[in-house]
Amino acid sequence: MLDKVFDPRSFEGNFSFEVEASLRNPNAEPYMVLLPPPNVTGSLHIGHALCYTLQDVLARYKRMRGYDVLFQPGLDHAGIVTQLLVEKQLYESGIEKGTLTKDKLLKEIWYWKEQSGCTILDQLKILGISCDFSRLRFTLDEDSKRAVTKLFVKLFRDGLLRRGERMVSWDPVICTAVSDLEIIEKEVDGHMWHIKYMLEDKSDFIPVATTRPETIFGDAAVAVNPNDQRYRKFIGKSVRVPLTDRLIPVIADKHADMDKGTGAVKITPAHDFNDYEVGRRHKLPVIDIMDEHAILNDNVPELFRKLERFEARKKVVEFLQKTELLIKEEKIKHLLPFGDRSNSILEPRITKQWFVHAEKLAQPAIRAVEEGKLQFVPTHWQNLYFEWLRNIRPWCISRQIWWGHRIPAWYGPDGQVFVAEKYEDALKQAVVFYGKNQVELVQDDDVLDTWFSSGMWPYITLGWPDDTDELRRYYSKMVVVTGFDIIFFWVARMVMMGIYAMDNVPFPEVYIHGLVRDAKGHKMSKSRGNVIDPLKLCEKYGTDAVRYTLTTLASPGRDLKIDEQSVEINRNFLTKLWNVVRFAQMNGCVYNNYFDPSAVDNAFSKWIIVKVLQTVKEVEVALDSYRFDEATKAVYHCIWSTFCDWYLEFIKPVLQQSAIDEERAEGYNLNYTIYKKDVRDTTAWAIVQFVRLLYPIAPFISKKLSGEMGVMEMSWPSLTTVTPAEQLAVEHVEFLQELITSVRSLKQCLHLPASEKVYVSLNDMEEHYQKFLQDHATILRHMAHIELGTTEGMSFPIAINSTVVQMFLMTQVDVKSKIEQLRQELTNLEKAKNSATARLANEEFLSKAAAEVVEEHKKRVVSLDAKIQKMSTLLRNLEMA
RNA sequence: GGGCGUAUAGCUCAGUGGUAGAGCACUACGUUGACAUCGUAGGGGUCGUAGGUUCGAACCCUGCUACGCCCACCA
């Protein structure tokens with residue numbers, strides 16, 4: 001027996017889903033869910049909870065539908081994030097940054113990974129995520145290293161990867177290059193300084209505007225637009241770089257925009273992306289004035305050396321003012337690039353880096369989506385994917401940090417590069433290259449962008465580069481569920497690298513969920529203080545309630561607004577289900593394995609079976625199309641509004657012996673012994689189906705309750721077809737529902753107590769309805785204190801479906817308000833009739849609308865007309881009474 | 001500057017051409033046997049706006065407005 005009080009914490013811990021997660025069925029259709037590997041440093045936030053819950057719903061659902069499901073977990077080493085975090089912790093424990101050797105720091109990070117890497121895995125287990133933990137992979141484990149090295153070498157040999165000196169975005173705090181995606185643009189307050197660049201003979205000057213006066217020492221030219229009348233006379237002349245003696249040319253270049261700044265722009269090839277290009281066009285010298293920490297180097301006048309960039313800026317402005325070269329200073333707001341990890345302003349910098357020729361890899365990835373081999377759900381996200389891939393630039397994959405995949409490249413004494421999977425192979429190449437046996441090679445110090453290994457995740461986890469059974473079986477049979485914010489970072493790269501290595505898309509569908517926001521629609525953030533901790537919610541309301549809430553909020557293409565109240569509401573729903581099972585237990589409803597839903601012989605059971613099967617179908621359709629919201633709503637509605645509110649109320653008199661005795665005494669002709677058994681079996685059967693439908697979403701309570709009902713295995717409900725006899729039962733029950741609701745409503749309107757006895761005449765209805773009502777007189781009495789047959793007292797019309805029946809009342813009541821209401825009802829009926837009639841009078845409607853629509857309108861008019869006739873007659877009687 | 005999304009009841013959201021929906025909130029009534037974490041009934045919407053297509057538009061098309069997001073540029 002279940003406890004009276006529903007407390008999810010009392011049983012959740014009893015279920016571990018690891019065994020079923022690891023079961024493989026080689027004879028079934030393969031299906032894989034690829035868990036986006038969380039960072040080793042991570043802990044579960046609400047976004048993870050959503051993403052992982054949806055995946056778990058899919059995994060469990062597919063398992064129940066008989067698929068061979070591989071739910072693959074993993075952890076990401078998350079290069080920069082992890083290294084920064086460990087360095088910070090070491091710093092807090094007294095170890096200065098930069099004092100540890102590379103080996104020691106790596107040892108510390110590995111140690112820390114072992115300590116904390118399990119945190120998020122434990123949290124996944126709390127959330128009930130049923131991935132196969134026995135297959136857990138790490139993006140930096142030995143097999144991953146082998147795969148990453150292999151792919152790197154393959155890319156290099158195919159000419160898709162090269163090392164080159166280019167301008168990259170440089171993070172001067174972490175001291176590494178970063179990729180375009182790791183840049184966050186933020187608007188900040190700044191200044192625009194207008195500076196005089198004096199002609200060589202000091203006869204005149206060109207005004208130049210800049211936001212970065214400290215970079216004047218790197219200037220190689222001043223550019224003006226060739227069409228700019230103001231400055232045409234200066235082209236070809238030389239101007240002096242302020243605060244120095246250096247002369248630079250005035251050049252004509254379209255890059256100079258006449259409408260921006262002063263129209264004359266300083267060209268600093270070493271410190272600006274555009275200027276770098278201009279410099280190349282005009283073969284200007286590249287003067288690098290900063291070191292890796294963005295501190296000014298020896299290429300600037302002595303006064304400014306060793307100054308940090310912002311100090312230097314102040315000082316330069318100060319000296320420009322002193323020397324009267326400063327024309328004016330304006331306050332402006334402008335966007336600046338920040339590193340997403342260090343939150344420092346990035347510096348364009350020329351360095352040697354490894355680049356992937358992404359443009360080439362992107363083409364088949366674009367085609368895959370164009371040709372429908374890969375579909376985004378919802379579809380519109382493909383626009384974002386296309387936009388990025390069609391404008392993709394070379395992907396800088398080298399990082400000047402220590403934690404990550406070491407780049408498999410070695411350099412000879414003259415800098416010649418040898419790329420190979422192993423040192424020995426590189427050495428062989430070098431021996432051949434130099435034609436001597438003794439060559440000293442040094443391996444590249446850099447590591448790879450974290451997303452390089454993540455991009456390979458679909459096949460790394462299946463054993464690539466080995467040709468494994470799993471790889472053949474599950475690759476391209478998987479699904480990826482993730483947020484739109486990593487379509488570029490991860491999804492696009494998995495597709496590019498997947499097609500490149502495997503010659504096929506890794507997954508045919510990718511589901512993109514929304515962002516979890518707070519109740520007001522604000523992004524959750526620590527600084528805002530509106531972060532919702534999913535684990536705390538689980539603790540308070542139960543994991544199932546949290547999972548259910550996230551699932552029901554997952555409407556396609558929308559962000560999710562969540563608050564505690566919504567979790568509470570769904571907890572209430574689970575409590576309801578709990579109480580349903582208690583009710584079943586109290587009334588001897590036990591699941592019978594041999595119960596045949598098509599053999600039941602009473603209308604109510606037939607009706608609820610039909611409703612349950614409809615719901616099963618709805619849930620299947622919903623989950624097959626990633627409509628998580630619809631799936632939860634269908635179950636919710638069927639359990640609460642159909643099963644609890646109606647079915648259980650219908651059957652209470654049957655289950656309660658005293659009522660049955662009474663019924664017998666009155667001589668009705670139903671066999672209540674069979675009836676009761678049918679009803680008990682059906683109740684248990686329905687509950688078991690509900691629990692099965694809910695299992696993917698709320699596994700803990702489902703497991704618990706199915707156990708209570710005597711079922712352990714979690715198979716998906718099987719559908720049987722609905723026969724005409726069942727259809728009639730459905731009609732009867734729906735007729736009864738309408739009658740009961742209308743009588744209740746009528747009583748309330750007349751200010752009568754619900755317990756007031758009323759009479760319903762059978763005269764106005766077809767014979768099979770009469771018989772049905774007579775057979776179930778107890779139920780009418782039980783649910784609405786309705787008696788059948790009498791035609792005395794005050795008569796009230798009740799419109800049901802296509803007919804109007806009469807309710808009789810023995811007591812005198814004030815009918816004024818009811819008459820008012822009935823008049824309104826009559827008006828509404830007439831309005832509906834008129835609108836349908838008007839349409840039928842329209843010849844264009846008749847000729848152009850679909851035949852069944854016209855037919856439906858005709859039927860509607862006939863039915864409405866009959867109702868109106870009857871209703872108005874009865875209303876007149878009432879008004880005269 | 002280019003692109004995407006959203007706008008339906010007080011709130012959160014379903015609804016892809018044929019009689020406007022759900023949950024919550026609200027109002028009234030109701031608790032001694034599944035459940036007050038509840039039940040019964042009820043009120044509440046000119047579907048952002050202006051046009052167009054159509055016999056018929058919340059739904060399709062165009063413009064506009066508001067909010068959110070992505071990309072690019074910025075001396």
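Letters A, B, ... mirror the listed sequences (proteins, then strands); counts begin at 1. Because the structure is predicted, anything quoted here is derived from the model rather than measured. When reading the values below, keep in mind they use all heavy atoms of this one structure, side chains included, and skip hydrogens, waters and symmetry mates.
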Do the side-chain N or O atoms of [X] get closer than 4.0 angstrom to the phosphate oxygens (OP1, OP2) of [N]?
X        : N     : answer
A:Asn391 : B:C71 : no
A:Ser566 : B:C24 : no
A:Arg744 : B:A41 : yes

Taking a pair as Watson-Crick or G-U wobble with both distances under 3.5 Å, which nucleotide is matched to [N]?
N     : value
B:C69 : B:G3
B:A20 : none
B:C47 : none

Whole-Å [atom1] distance, [N] and [M]:
N     : M     : atom1 : answer
B:C67 : B:G30 : P     : 48 Å
B:U27 : B:G43 : C1'   : 7 Å
B:A20 : B:C29 : P     : 33 Å
B:A66 : B:U53 : C1'   : 26 Å
B:U6  : B:C64 : C1'   : 16 Å
B:A25 : B:G10 : C1'   : 7 Å
B:A7  : B:C11 : P     : 14 Å
B:U40 : B:C35 : C1'   : 15 Å

In whole Å, what is the span from the [atom1] atom of [X] to the [atom2] atom of [N]?
X        : N     : atom1 : atom2 : answer
A:Lys818 : B:A41 : NZ    : C1'   : 11 Å
A:Glu182 : B:C71 : CD    : P     : 13 Å
A:Asp485 : B:G68 : CG    : P     : 18 Å
A:Lys747 : B:G42 : NZ    : C1'   : 17 Å
A:Ile392 : B:C71 : CD1   : C1'   : 13 Å
A:Trp381 : B:C70 : CH2   : P     : 9 Å
A:Lys331 : B:A75 : NZ    : P     : 19 Å
A:Leu335 : B:A75 : CG    : P     : 10 Å

Should [X] and [Y] count as an ion pair when the cut-off is N to O under 4.0 Å?
X        : Y        : answer
A:Lys858 : A:Glu856 : no
A:Glu708 : A:Lys704 : yes
A:Lys561 : A:Asp518 : no

Inter- and intrachain pairs under ring pair (Phe, Tyr, Trp, His ring centres under 6.0 Å), touching residues 821-849 of chain A, at least two apart: A:Phe845-A:His857
A:Val316 side chain near A:Phe217 side chain, heavy-atom distance below 4.5 Å: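 Sidechains of A:Phe217 and A:Val316: in contact.
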Side-chain touch A:Ile532/A:Leu537, heavy atoms, less than 4.5 angstrom: yes
Close N or O pairs between protein and nucleotides 1-3 of chain B (under 3.5 Å):
none

Which residue lies more 5' along RNA chain B, comparing A:Asn842 with A:Gln565 via nearest heavy atoms: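 The 5'-side residue here is A:Gln565.
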5' priority, RNA chain B, between A:Lys523 and A:His380 [closest heavy atom]: A:His380
Residue pairs involving residues 568-586 of chain A (criterion salt bridge (Lys or Arg N to Asp or Glu O under 4.0 Å); sequence neighbours excluded):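 Listed once each, the pairs would be none.
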A:Lys867: salt bridge (charged side-chain N to carboxylate O under 4.0 Å, His left out) partners, not counting sequence neighbours: none
Enumerate donor-acceptor pairs with a distance under 3.5 Å from any side-chain N or O in residues 183-192 of chain A to protein atoms, sequence neighbours excluded.
from: A:Lys186; atom 1: NZ; to: A:Asn343; atom 2: OD1; distance (Å): 2.5
from: A:Asp189; atom 1: OD1; to: A:Lys333; atom 2: NZ; distance (Å): 2.8

Residues in ring-ring contact (aromatic ring centres under 6.0 Å, His included) contact with A:Tyr548, at least two apart in sequence or another chain: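 Per chain and number, A:Tyr548 pairs via ring-ring contact (aromatic ring centres under 6.0 Å, His included) with A:Phe573.
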Partners meeting ring-ring contact (aromatic ring centres under 6.0 Å, His included) with A:Phe11 (sequence neighbours left out): A:Trp578
Would you classify [X] as touching base, sugar-phosphate or nothing, given that sugar-phosphate means primed atoms plus P, OP1 and OP2, and contacts are heavy atoms under 4.0 Å?
X        : result
A:His255 : base
A:Ala256 : base
A:Glu330 : nothing

Provide a list of protein-nucleic acid N or O atom pairs under 3.5 angstrom, restricted to nucleotides 29-35 of chain B.
from: B:A34; atom 1: O2'; to: A:Asn579; atom 2: OD1; distance (Å): 3.3
from: B:A34; atom 1: O2'; to: A:Arg582; atom 2: NH1; distance (Å): 2.8
from: B:A34; atom 1: N7; to: A:Lys652; atom 2: NZ; distance (Å): 3.3
from: B:A34; atom 1: N3; to: A:Asn579; atom 2: O; distance (Å): 3.3
from: B:C35; atom 1: OP1; to: A:Lys4; atom 2: NZ; distance (Å): 2.8
from: B:C35; atom 1: O4'; to: A:Asn579; atom 2: ND2; distance (Å): 3.3
from: B:C35; atom 1: O2'; to: A:Asn579; atom 2: ND2; distance (Å): 3.4
from: B:C35; atom 1: O2; to: A:Lys576; atom 2: NZ; distance (Å): 2.6
from: B:C35; atom 1: N3; to: A:Lys576; atom 2: NZ; distance (Å): 3.1

Sugar-phosphate or base contact per nucleotide [nucleotides 11-23 of chain B; S, B, -; heavy atom under 4.0 Å]: -SSSS--BB---S
Without placing hydrogens or testing angles, list every side-chain donor-acceptor pair under 3.5 Å for residues 485-493 of chain A, not counting sequence neighbours.
from: A:Trp490; atom 1: NE1; to: A:Ser454; atom 2: O; distance (Å): 3.0
from: A:Arg493; atom 1: NH1; to: A:Phe489; atom 2: O; distance (Å): 3.4

Exercise: do A:Asp563 and A:Ser566 side chains pair donor with acceptor under 3.5 Å: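 Short answer, yes.
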May I have the list of side-chain donor-acceptor pairs in residues 379-386 of chain A shorter than 3.5 Å, sequence neighbours left out?
from: A:Asn383; atom 1: ND2; to: A:His380; atom 2: O; distance (Å): 3.3
from: A:Tyr385; atom 1: OH; to: A:Ala365; atom 2: O; distance (Å): 2.8

More than 12 heavy atoms of other groups within 6.0 Å of A:Glu359 CD: no
Intermediate values then yes/no, side-chain contact (heavy atoms from CB on, under 4.5 Å), A:Glu214 and A:Ile289: CA-CA 9 Å; A:Glu214 73 281 11; A:Ile289 62 158; 5.6 Å; no
Members of residues 211-226 of chain A that approach RNA chain B, where some heavy atom sits under 4.0 Å away: A:Thr211
